[in-house]
Asks: 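Please read through the structure below; I'll follow up with questions.
Below, chain A is the first sequence line, B the second, and so on; all start at residue 1.
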Amino acid sequence: MRVPGVVFATRELLPQAAGDKALEQVANVATLPGIVRASYAMPDVHWGYGFPIGGVAATDVDGGGVISPGGVGFDISCGVRLLAAGVARDELDPERIRRVMDLLDRTVPRGLGRGGLWRLSGPEELDDLLIGGARYAVEHGHGVPRDLERCEDRGVLDGAAPGEVSTRAVERGLQQVGSLGSANHFLEVQAVDKVHDPETAAAFGLRQGQVCVMIHCGSRGLGHQICTDHVRAMDRELQRYRIDIPDRQLACTPVDSPRGRAYIGAMIAAANYGRANRQLLSEAARRAFATALGVGLELVYDVSHNLAKLETHEIDGVARHLCVHRKGATRALPPGDPSLPADLTEAGQPVLVPGTMGTASYVMVGLPGNDAFHSACHGAGRVWSRHQALRMVRGERLHSELEARGIAVRPASYRALAEETPDAYKDVDAVAAVTEGAGLARQVARLVPLGVCKG
DNA sequence: ATGTAC
C-alpha cells in the first residue's frame, strides 16, 4: 500500500458477510500508482468490480497517477436527480397518487434492453448528445434552461471524445436515451418526512411534507460497453507501462497517456449521456405530474456518483492536479465553492442519497474540511448479493407488503423487485448519520417513498 | 450496472 486505507463506518456498517472482499479492495486501491492521501471508503461501502462501491481515490496526474475504469464503475455517470413538486403530501389522497403512478408506469421506459423516450436520428446526432449532455437535451426542447443551473457541471462536461466510443457502444446507446434501466435504478415519488436543517432545506427549495421526484439512473448500455472496451484495452497494456496491481480488475493506465486520455474522453461522453438521460426522464415525470395532478416539478439538483474528475486539491500544502475517482460516492462541495450555482453558494451542494424502495432517502449538504476530496456516501449500500436476495424474497410478496404499507409499486419485473428488497441493504438512516458523524456531509432532509417506478 | 459470455 502506498497510502493508508480509511473506512468511514461503524462496526455495524462494515462489510462483514463471509467472503466479502470490500475491505481487501480498499487496500488494493491503495497500491495504485500516483495515489495520494488515502484510499477511502464511504459508510455505504460494499464489494464491487476492482474498486469497492463507495470508494474514493485520487491520483496525482503530474506524478504518473493512473485512471482506472474500475474506479468509475460499469455504469459511468450513474447518478441521482431530485425534483420538487408544487404540491404537499397532505394534498394528495391515495387515489391521486395511484393515478400519477399509473401514468408513470405507462410512460417511463425501464427494464433490461427496451427503448428510450428520445429516438435519435442516428450516430451523428448521438455524437452531438455525447458532446452536449443535458444542455443538448434542453436545447432540443427537453426541459428548461433553469434545469441546467441545478445540474453538476451545468449538465455537460467538456472533453467528450465520441471517436473513442466504439460502434458497439453507439449501437447500444442509440435506442436508450430516456430510459431507467434495471437493478437499483428507479423513479420514485417521495415526500419530505423530516427536515433536519430548515435553512438549507429552504435554500434547496424543500420543506416539510413536500412531494418530490427522485430519479436514479445512468448511461445504460453505452456506458457499460465503454467500460468493457477500455478495461480490456488497459488490461492488455499493463506491462507496457510496468504497472503492477494486485487484481486485474484494477486495470489502469497513466492519466497522462494516449490510453488514459482515450478513456477519459469516452468516459466524459458517457457522463454526458447519463445527464441527458436523467433530463429526458425528468420531462416524462413532468408530463405525468402535469396531466395527473396539474402541478410542476422544479429541479433541486442532479449529481453523478460514478465518475472520475480532474480536480485541483491541496496536498501537503501544495495545489495538485488530481484525478478523483468516485465510485458509488457523491461529490459534496462545501458552502462557498466557486463551482456551485450562485443560488447555492451560501448553502453548499445538495448531496442526494437514495435509499431503498421501502425505506428512506436523504438530502445532505457538503461541508468544509472533508478530506476525502469532498466526497460522501451515495446510498444505503448492499449487504446481500442479488443471488442471496432472490433466495430470501419473492417479488410478488414484497410487492403486496409494500402496497400494504401505502407505497404504490410499479415494478418492471418481480425478479428485479425481489433483488432490490430493502432487506438486501444497510440501514440508510445509519448510513446518513455516520456520514454526518464522520464530517463528510450534513443531513438536510429525510424523504420517504409514496410510489416507486422500478427499473 | 449490463442485449447477466467472445
Side-chain angles (χ1 to χ4, degrees), chain A residues 21-22 25 44-55 68-81 109-116 126 165-187 215-233 235-236 248-251 263 266-267 269-271 273-275 277-278 281 303-308 325-330 354 356-357 378-382 384-391 395 412-420 424-425 454-455:
Chain A
K21 298 272 200 294
Q25 292 185 319
D44 51 331
V45 63
H46 58 112
W47 191 0
Y49 179 89
F51 279 56
I53 295 162
S68 172
V72 172
F74 274 84
D75 192 5
I76 298 167
S77 195
C78 181
V80 186
R81 168 178 287 225
R110 59 199 194 279
L112 267 180
R114 317 272 175 90
L126 180 63
V165 178
S166 67
T167 53
R168 201 164 175 186
V170 168
E171 280 168 18
R172 295 177 71 173
L174 269 174
Q175 313 295 325
Q176 297 183 319
V177 186
S179 67
L180 274 180
S182 65
N184 61 353
H185 290 163
F186 64 75
L187 186 155
I215 297 168
H216 178 203
C217 66
S219 52
R220 305 293 332 274
L222 178 127
H224 190 277
Q225 190 65 47
I226 287 171
C227 183
T228 301
D229 295 340
H230 287 258
V231 164
R232 194 169 299 155
D235 183 69
R236 285 196 298 258
R248 283 179 72 179
Q249 293 185 356
L250 291 173
Y263 171 67
M267 176 198 73
Y273 184 98
R275 283 124 184 242
N277 191 23
R278 289 192 287 276
L281 290 163
V303 64
S304 303
H305 53 224
N306 279 8
L307 204 58
H325 301 71
R326 296 189 185 86
K327 181 193 193 176
T330 310
T356 79
M357 59 190 152
H378 87 305
R382 286 195 85 89
W384 289 354
S385 68
R386 300 191 172 279
H387 187 73
Q388 185 177 356
L390 285 178
R391 285 203 307 262
S413 80
Y414 282 121
R415 180 195 169 96
L417 197 72
E419 288 180 350
E420 288 297 312
Y425 285 86
K454 199 76 183 87

Asks: In whole Å, I'd like the distance from the OH atom of A/Y273 to the C1' atom of B/dT2.
Replies: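 Distance check: A/Y273 OH to B/dT2 C1' gives 13 Å.
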Asks: Determine whether a donor-acceptor pair (N or O, by modelled atom type, separation under 3.5 Å) exists between the side chain of A/H378 and the backbone of A/G328.
Replies: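 Indeed, once roles are kept as given, a pair shorter than 3.5 Å links the two residues.
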Asks: Between A/K454 (side chain only) and A/S182 (backbone N and O only), is there a donor and an acceptor less than 3.5 Å apart?
Replies: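 No; zero donor-acceptor contacts below 3.5 Å.
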Asks: A/I53 has an atom CD1; how far is it from atom C1' of B/dT2, in whole Å?
Replies: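 After rounding, the reported distance stands at 13 Å.
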Asks: Separation of A/D229 atom CG from B/dT2 atom C1', in whole Å?
Replies: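 Distance, rounded to whole Å: 13 Å.
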Asks: Rounded to the Å, how far apart are A/H230 NE2 and B/dT2 P?
Replies: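 Answer to the nearest Å: 18 Å.
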Asks: Expressed in angstrom and rounded to an integer, what is the separation of A/H224 atom NE2 from B/dT4 atom C1'?
Replies: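 In whole Å, B/dT4 C1' lies 8 Å from A/H224 NE2.
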Asks: Counting any heavy atom closer than 4.0 Å, what does A/R382 reach on the DNA or RNA strands: base, sugar-phosphate only, or nothing?
Replies: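 No contact.
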Asks: Starting from P on B/dA5, measure out to CD on A/Q225 and report it in whole angstrom.
Replies: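 Rounded to whole Å, this separation is 13 Å.
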Asks: Under 3.5 Å, is there a donor-acceptor pair between the A/R114 and A/S179 side chains?
Replies: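 No donor-acceptor contact under 3.5 Å links the two side chains.
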Asks: With sequence neighbours left out, what residues match A/R275 under salt bridge (Lys or Arg N to Asp or Glu O under 4.0 Å)?
Replies: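 Result, salt bridge (Lys or Arg N to Asp or Glu O under 4.0 Å) vs A/R275: A/E152, A/D153.
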Asks: Tell me the interatomic distance from A/E171, atom CD, to B/dT2, atom C1', rounded to whole angstroms.
Replies: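 These atoms are roughly 16 Å apart.
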Asks: Any sub-3.5 Å donor-acceptor pair from A/N306's side-chain atoms to A/S77's backbone N or O?
Replies: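 Checking the backbone N and O of A/S77 against the side chain of A/N306, no donor-acceptor pair under 3.5 Å is found.
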Asks: So which of residues 68-80 of chain A are in contact with DNA chain B, with a heavy-atom cut-off of under 4.0 Å?
Replies: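 Contacts with DNA chain B under 4.0 Å: A/F74, A/D75.
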Asks: Using heavy-atom distances to pick each residue's nearest nucleotide on DNA chain B, tell me which of A/R386 and A/R232 is more 5'.
Replies: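 The 5'-side residue here is A/R386.
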Asks: It should be established whether A/R220 places a side-chain nitrogen or oxygen under 4.0 Å from OP1 or OP2 of nucleotide B/dT2.
Replies: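 For B/dT2, OP1 or OP2 has a side-chain N or O of A/R220 closer than 4.0 Å.
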Asks: For A/G381, does its backbone N or O pair with a side-chain atom of A/H46 as donor and acceptor, under 3.5 Å?
Replies: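 Between the backbone of A/G381 and the side chain of A/H46 there is no qualifying donor-acceptor contact (under 3.5 Å).
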Asks: Could you check whether A/E419 gets within reach of a base, just the sugar-phosphate, or nothing at all, counting any heavy atom under 4.0 Å?
Replies: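 Nothing, no nucleic acid heavy atom in range.
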Asks: So, A/K21 side chain and A/W47 main chain: donor-acceptor pair closer than 3.5 Å or not?
Replies: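 No, the answer is negative, given that no donor and acceptor are paired below the 3.5 Å cut-off.
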Asks: OP1, OP2 of B/dT2 versus side-chain N and O of A/T228: anything below 4.0 Å?
Replies: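 Result: no.
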